[in-house]
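Below is one structure; the comments refer to it alone.
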Amino acid sequence: MENMNTFEMAKVYAPKEMEERIYKMWEESGAFKPKMVEGKKPFTIVMPPPNITGQLHVGHALDEMPQDVLIRYHRMKGDPTLWVPGTDHAAIATEVKVVDALKAEGLTKKDLGREKFLERVWDWKKVYGGRIVSQLRKLGVSCDWSRERFTMDEGLSKAVRETFVNLYEKNLIYQGWRMIHWCPCCKTSISDAEVEYEEQNGNFWHLLYPVKETGEMLEIATTRPETMLGDTAVAINPEDERYKHLHGCHVVLPLIDKEIPIVLDEHADMTKGTGVVKITPAHDPNDYEVGKRHDLPMVRVFTYDGHMTGAEEAKENAELIASGRATADEPVVLDCGKYAGMTTMEARKAIVADLTEIGRLKKVEPLTHEVGTCYRCHQTIEPMVSKQWFVKMAPLAKPAVEVVKNGELRFIPDRFEKIYLNWMENTRDWCISRQLWWGHRIPAFYCEDCGKVHVTREDITVCPDCGKPVYQDEDVLDTWFSSALWPFSTLGWPEKTEDLAYFYPNSVLSCGYDIIFFWLARMVFSGLEQMGTCPFEVALMHGLVRDAQGKKMSKSSGNGIDPLEVIDEYGADALRFSLVIGVAPGSDVRMSHGKIETYRNFANKIWNASRFALMNMQGFTPKGVPSADKLALSDKWILKRFNDIVREITQHLESYDLGMAAANLYDFIWSYFCDWYIEMAKHELNGEDESAKNAAQETLNYVLTGILKLLHPYMPFITEELYSYLPGSEGMLITSQWPEAKSEYDFDEEAKQMDAIMEVIRAARNLRAEMKVSVSKKATLILKPASELTEAFKKSEGYFFRLAAASGVEFLKAEDPNPEKSASAVTNGASLFIPLGELVDVDKEIARLNKDLQNAENEIRRGEGKLANEGFLAKAPASLIETEKGKLEKSRQLADSIRARIEELKELK
RNA sequence: GGGGUUAUAGCUCAGUUGGUCAGAGCGUUACGUUGACAUCGUAAAGGUCGAUGGUUCGAGCCCAUUUAACCCCACCA
C-alpha cells in the first residue's frame with residue numbers, strides 16, 4: 001500500500017469522512033467472511049437480531065460492542081471467525097406498527113384480510129427492515145453480511161416448522177384450554193415472560209354476599225369488583241372456625257341474584273382480609289385452580305378486547321357449545337346485561353355504584369398491589385381462560401439446567417448462572433400461540449369433518465384420515481420461538497450444511513441480561529433438544545445503558561442518546577470506546593455526551609501521536625528493531641512496557657474483561673506512550689546521532705503499530721486509517737496479526753533504571769511548580785544518584801533537558817557537599833538540587849522536606865512493625881519478607897538523606 | 001415472600017486469588033502555547049474504603065450481623 005505523505009494528514013482527527021470509506025473497503029475486501037480451515041477451531045457468534053421495526057438506539061450499540069471486539073480480536077489471532085447478523089420479524093411490535101399505519105388510512109386488518117395484510121407487512125419490511133441494518137454498519141460491526149438472515153425468511157421458517165413438528169411428535173407441544181395472560185390492547189395471548197409487574201394504586205372493596213341458608217352477610221374483599229358477575233363460588237378455609245357453620249351453604253350473588261356454593265379450600269387464607277374469597281375461575285389464575293379442584297363452572301364476563309360481554313358473545317358461545325366444538329374446558333359466556341359493552345374500568349365503577357346503592361358495599365380501603373402489564377404496550381394484562389398452544393417445559397428444562405451445572409455453559413459474570421437456574425428450575429409451560437397474522441403460522445390443520453388435528457411439515461388441504469377439507473390454525477407463533485433457534489437456524493439447519501457442521505455450536509453468545517429468559521434460556525433448551533448440544537460455550541452478559549444520573553434512557557424522559565447523532569459528531573470509534581471502557585461484564589453503563597467527547601479526545605490524541613511519529617519517519621524504511629546495544633534507555637523502557645501491555649490486554653480479552661483491557665490500553669497509550677515515550681524519544685529523534693535516531697524510529701514504528709493493533713477491536717476506524725500511513729504497513733489492519741510479547745524486549749533492568757530517572761524528573765517538575773518557576777526559565781539540575789544508577793543517569797542527560805527544563809545537568813559523588821541555595825528533593829534513585837538562588841526560601845524548603853521525611857518515617861514504622869511481628873516472620877512467604885526488608889532499607893536510606901539535607905539547610909540559616 | 005447487585009476522593013468508577021504509604025477520569029485550584037496534540041501539558045488539594053463484630057501475622061478484599069439504594073423473580077384475594 002502506498003504510504004501517504006504526512007503533510008496530507010489532517011491536523012485534526014476528522015472521523016466523518018473516513019469511517020464510511022473504511023467500512024466499504026472492509027466489506028468489499030471480504031474481510032468479514034471467515035476463512036474456514038479444516039481442523040481449526042472456529043470462533044463463532046450470532047448477533048442478537050434487532051427488530052425490523054427498530055431504529056438504531058444506543059442499546060443496540062452497546063449490544064454490538066462486546067461482540068465486535070471479540071470478533072475482531074479472534075480474527076486477528078488467526079481463528080476462523082464468523083459473526084452472523086440478521087433481523088427479527090418481531091410479531092407483535094411489527095403488526096402493531098402496520099395496524100397503526102393502516103389506521104391512518106382508515107383501514108383495519110379485517111378490511112384487508114389476512115393475505116393483503118401480510119403483503120402490507122412485507123412491503124413495510126422492505127422499506128424499514130433495511131434501515132436498522134444500514135445503521136448497524138455505521139457502528140463498524142464486522143459481521144458477515146453475506147450470511148445475513150431474517151427470522152421469517154424461507155430457511156428459518158423451515159427451521160421453525162421442523163422444530164414445531166418435532167416437539168409435537170415428541171408430545172412436547174400440546175394444545176389446550178389454560179389460564180393465560182391476555183393483552184386486550186394487542187389482542188393476543190402472551191407468555192409468562194412477557195408480563196411485567198408494576199406496582200399500582202388500587203382499592204380493596206369489601207362486598208357483602210348474603211348467605212342463602214342463614215341470611216347473614218358474608219364480607220368478601222376484592223381488588224376487582226368487576227369480575228363478580230363471573231363468580232361461581234366463594235371459598236373459605238376448612239379450618240376457619242368463624243365459618244364452620246357455613247359448610248355446605250350457598251351465597252346469592254348480588255346484582256344478578258345467582259346462587260353459588262361456598263366451597264372449602266386451602267386457598268382461602270384465614271389471616272388475610274375476612275378469610276373469605278370470591279372465586280372467579282375464568283378471570284383469575286388462583287381462582288382457576290380452585291375451580292379445577294372443585295369442578296366449578298367457568299363464567300367469562302370479559303371480551304377479548306377488554307369489554308363486558310353481552311348478548312351477542314353469549315349467543316355465539318352457546319352456539320359453539322351446542323355444535324359440540326367447544327369442550328367442557330371452555331368458559332360459558334355471560335350476558336352482562338346493563339354492563340355489556342362497558343370497558344372493564346367503566347364496569348368497575350358502575351358495579352361499585354350499584355352495589356353501594358343496594359347496600360352491599362361495606363367499605364373501600366386503598367392499597368397498592370402488583371399489576372401485570374404487557375411488556376410491549378404496557379397495558380394491564382387480563383388473565384383469561386383460552387385455548388392455546390404450549391411447549392411442555394419440564395422435560396426441556398432438565399438438560400438446560402444440567403449444562404450449566406456441569407459447566408458446559410458458562411455465564412460471565414457467573415452470578416447470572418443463579419438467575420438462569422432459578423428460572424429454568426421453576427418455569428411453567430410456555431404459551432407459544434399468538435392471535436396475530438404476522439409471524440410463523442402454526443402448522444396445525446383441523447379437519448372440517450372429523451375435527452382431528454394434524455401437525456405437518458408440509459401444508460395439507462385434505463384430512464389424511466377422512467379426506468375431507470382441512471383448515472389451518474389461524475394463530476402464529478411467539479416471535480421468541482423462532483429466535484430460540486437462531487444459533488443453528490442461521491447456519492442452515494435443518495439442512496445439513498457445511499456452515500452448520502463447522503460453526504455449530506457457537507463460541508459465545510453475548511446479550512443484555514434483560515433477555516436471559518426471553519431468548520438465552522430458550523436458545524439453550526432448543527439447541528439441546530434439536531441439535532443435541534448446548535448452542536454456545538459462554539454466555540457473556542451486558543447491562544443496560546443509563547444516562548449520566550443512572551436513570552434508564554427512555555423517550556418519555558428525553559434523556560436518550562442518539563447513536564447516529566453521536567457518530568456524526570464524534571465518530572463511531574469514540575462512541576464504541578465510551579460504551580466499553582471500564583465497564584465490568586454484566587453491569588450497566590452510564591452514558592453522556594461528555595463521556596463520548598472524552599474518548600473522541602483520546603482518538604484525537606492517537607491521531608496526533610501518529611502524526612508526530614510519521615513526521616519523524618519521513619524517508620525512513622523500517623528494517624526491524626535493532627539490537628539492544630543500539631537502543632536508548634527510553635527505547636528499551638517502552639519496549640518492555642509494550643510487552644507488558646500486550647500480555648495484559650491479551651489476557652483480559654481471553655477472560656472477557658473487555659472493559660478492563662480498554663482501560664489499561666487507554667492508560668498505556670496516553671501516559672506511557674504519549675506523555676513519556678514520545679517526549680523522551682524526541683531527544684534521539686532530534687539528535688545528531690543517526691544510529692540512535694534510527695533506533696528510536698524503529699522503536700516508535702514498532703510500538704505504534706502494536707498499539708494500533710491492540711486498539712483495533714475497540715476503535716477500528718481510526719486505527720485502520722492510521723495503519724495505512726505507517727511505513728512498512730502491509731494490507732489491512734483488520735486482517736493483520738495480533739501482536740505478541742517478545743521475550744528479547746523484556747528489558748527489566750533498564751526499565752527500572754528508566755523508572756528511577758522518571759521519578760527524578762517528576763520531582764524536578766514538582767520542585768519547579770512549587771517554586772512557581774516558569775518552564776521558559778531553565779535551571780541547572782544537580783544530581784547525586786545512587787551508585788548503581790550513576791551510569792544510567794549520566795547517559796540520560798538529554799531527558800532532563802527536555803522533560804525537566806534543565807539548562808544543564810551536573811553530577812555529584814556521594815561524598816561531595818550538597819549545593820547551597822537550592823531547592824532539593826530526595827528520591828530513591830537520586831537526590832536532586834536546583835540552584836534557584838534567591839528564589840529559595842530555606843524555611844519552606846525545610847518544611848517540605850519535613851513532610852517527605854514524615855512519609856518516609858511512617859513507612860519505616862510500618863515496615864519495622866511488620867518485620868518485628870513474629871507471626872508475620874513465621875507465616876508470611878519468604879519472598880514477601882525479603883521485599884519488606886528491601887523496602888525498609890530503602891526507606892531508611894531515604895530518611896537519612898532527607899535528614900542530612902535538613903541539617904544542611906538549618907546550618908545555612 | 002424468594003434471589004441478586006451496589007456502597008471506596010465533590011461526581012463516575014477501578015482495585016484481579018487478602019501482603020509495595022488506597023488508584024484513574026471528570027470537576028476544583030495553580031502554573032503553562034517547549035515545532036504531534038488547547039480535542040493539549042505540568043503540578044496541587046481531596047478518602048477513618050456504609051456501620052459493627054469476627055477470622056488472620058496481615059482485611060477495601062474473606063465470614064457474620066446491620067443500614068441504605070437499586071434490580072429481578074413470585075398466582076396472593
Side-chain angles (χ1 to χ4, degrees), chain A residues 6 9 11-13 179 197 204 220-224 235 267-269 272-280 284-289 369-370 372 383 413 415-416 418-419 422-423 426 513-514 516-517 543-544 548 550 570 581-584 586-588 590 592 594-595 597-598 600-616 651-652 655 657 659-660 663-664 666-667 671 674-675 678-679 682 686 762 765-766 768-770 772-776 778 802-803 805 855-856 858-859 861-863 866 869-877 879-881 883-884 886-887 891:
Chain A
T6 310
M9 244 187 104
K11 194 175 174 186
V12 173
Y13 158 67
M179 176 64 71
Y197 289 89
F204 224 5
I220 295 160
T222 179
T223 54
R224 304 204 56 196
H267 170 62
D269 186 336
K272 293 257 169 67
T274 57
V276 188
V277 195
K278 65 192 234 11
I279 303 298
T280 322
D284 181 278
N286 290 308
D287 296 1
Y288 178 74
E289 296 302 324
H369 57 153
E370 298 278 307
R415 73 182 123 96
F416 289 105
K418 271 190 190 171
I419 293 170
N422 184 47
W423 187 82
N426 298 298
Y513 60 68
D514 53 333
I516 290 178
F517 308 139
L544 270 43
Y570 303 104
I581 183 164
V583 177
S587 50
D588 293 347
R590 291 201 185 199
S592 63
K595 189 174 175 186
E597 197 180 333
T598 300
R600 188 276 315 271
N601 294 353
F602 176 54
N604 185 64
K605 184 78 180 174
I606 298 159
W607 182 266
N608 277 294
S610 303
R611 208 161 65 89
F612 166 82
L614 289 161
M615 285 170 77
N616 284 279
Q651 180 51 48
H652 281 141
S655 55
D657 281 322
M660 184 69 93
N664 290 347
Y666 177 91
D667 195 45
S671 312
C674 293
D675 289 350
I678 285 184
E679 292 307 321
K682 281 175 182 172
N686 296 333
R762 275 194 207 97
R765 285 169 171 172
N766 202 329
R768 297 178 55 106
E770 277 182 40
K772 303 208 190 303
V773 179
S774 103
V775 175
S776 55
K778 309 274 181 198
R802 195 165 287 278
L803 300 178
N855 287 337
N858 285 342
E859 183 58 15
R861 258 198 302 283
R862 199 191 60 83
K866 233 173 184 180
N869 186 327
E870 280 174 35
F872 179 73
L873 292 174
K875 293 185 180 172
S879 63
L880 184 70
I881 295 172
T883 42
E884 280 298 332
K887 265 166 54 187
S891 301

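What you see is a predicted model; the values in this text were computed from it and never measured. Per chain, numbering begins at 1; letters A, B, ... match sequence-line order. Basis for what follows: all heavy atoms, side chains included, without hydrogens, waters or symmetry-related copies.
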Using the [atom1] atom as the point on both nucleotides, what is the distance between [M] and [N], in whole Å?
N     : M     : atom1 : result
B:U33 : B:C70 : P     : 50 Å
B:G4  : B:G47 : C1'   : 28 Å
B:A59 : B:A22 : C1'   : 13 Å
B:G60 : B:A7  : C1'   : 12 Å
B:C61 : B:G1  : C1'   : 32 Å
B:U39 : B:U28 : P     : 15 Å
B:A44 : B:C26 : P     : 15 Å
B:C63 : B:G18 : C1'   : 13 Å

[atom1] of [X] versus [atom2] of [N]: gap in Å, rounded?
X      : N     : atom1 : atom2 : result
A:D588 : B:C72 : CG    : C1'   : 12 Å
A:H369 : B:A77 : NE2   : C1'   : 11 Å
A:I516 : B:C71 : CD1   : C1'   : 12 Å
A:N664 : B:G25 : CG    : P     : 13 Å
A:Y513 : B:U5  : OH    : P     : 13 Å
A:R415 : B:C70 : CZ    : P     : 18 Å
A:R590 : B:C11 : CZ    : P     : 11 Å
A:I419 : B:A74 : CD1   : P     : 13 Å

Original post:
Just how far is it from atom NZ of A:K887 to atom CD of A:E859, taken to the nearest 0.5 Å?
Top reply: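 Here the rounded value is 5.5 Å.
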Original post:
What is the distance from atom CG of A:N608 to atom NZ of A:K11, rounded to the nearest 0.5 Å?
Top reply: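 Going from the CG atom of A:N608 to the NZ atom of A:K11 covers 8.0 Å.
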Compare every heavy atom of [Y] with every heavy atom of [X], then report the nearest pair and how far apart it is.
X      : Y      : answer
A:A268 : A:G275 : CB-O, 3.7 Å
A:R224 : A:P383 : NH1-CD, 4.0 Å
A:D675 : A:E679 : O-CG, 3.2 Å
A:Y13  : A:A603 : CE2-CB, 3.4 Å
A:L880 : A:A876 : CD2-CB, 4.2 Å

Sort out the partner of [N] for me: Watson-Crick or G-U wobble, both distances under 3.5 Å, none otherwise.
N     : value
B:G60 : none
B:U29 : B:A43
B:U65 : B:A51
B:U34 : none
B:G18 : none
B:C70 : B:G4

**OP:** Taking the six-membered ring of A:F612 (Phe, Tyr or Trp), confirm whether the NZ or CZ of A:K682 is under 6.0 Å from its centre and within 45° of its axis.
**Re:** yes
**OP:** Specify whether A:F602 and A:Y666 have parallel, tilted or perpendicular ring planes, treating 30° as the upper limit for parallel and 60° as the lower limit for perpendicular.
**Re:** tilted
Original post:
Relative to each other, are the rings of A:Y513 and A:F416 parallel, tilted or perpendicular (30° and 60° limits)?
Top reply: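 If you compare the ring of A:Y513 with that of A:F416, the planes turn out parallel.
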Under 4.0 Å, counting only non-hydrogen atoms across every strand here, what does [X] touch: a base, just sugar-phosphate, or nothing?
X      : result
A:Y288 : nothing
A:G543 : nothing
A:T222 : sugar-phosphate

Original post:
Is a side-chain donor or acceptor of A:K866 paired with a backbone partner of A:F872 at a separation under 3.5 angstrom?
Top reply: no
Original post:
Does the A:N604 side chain pair with the main chain of A:R600, one donor and one acceptor, at a distance under 3.5 Å?
Top reply: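 Pair absent, no side-chain N/O of A:N604 close to backbone of A:R600.
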**OP:** Respond yes when some side-chain nitrogen or oxygen of A:K418 is under 4.0 Å from OP1 or OP2 of B:G3, and no when none is.
**Re:** no
Original post:
Are there more than 12 heavy atoms of other residues, nucleotides or ligands under 6.0 Å from atom NZ of A:K778?
Top reply: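 Counting other residues, nucleotides and ligands, NZ of A:K778 exceeds 12 neighbours.
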**OP:** Indicate for each nucleotide in nucleotides 14-24 of chain B, in 5' to 3' sequence, whether protein heavy atoms under 4.0 Å reach the base (B), only the sugar-phosphate (S), or nothing (-).
**Re:** -S---BSS---
Original post:
What is the per-nucleotide protein-contact pattern of nucleotides 36-47 of chain B, from the 5' end, where B denotes a base atom under 4.0 Å from a protein heavy atom, S denotes such proximity for sugar-phosphate atoms only, and - denotes neither?
Top reply: BB-BSSSSSS--
Original post:
Mapping A:T223 and A:R802 to their closest nucleotides on RNA chain B, which lands nearer the 5' end?
Top reply: A:R802
Subject >> Stepwise side-chain contact (heavy atoms from CB on, under 4.5 Å) check, A:Q651 with A:D657 >> reply: CA-CA 8 Å; A:Q651 180 51 48; A:D657 281 322; over 6 Å; no
Taking only nitrogen or oxygen atoms into account, show me every contact under 3.5 Å that the protein makes with nucleotides 59-62 of chain B, one pair per line with its distance.
none

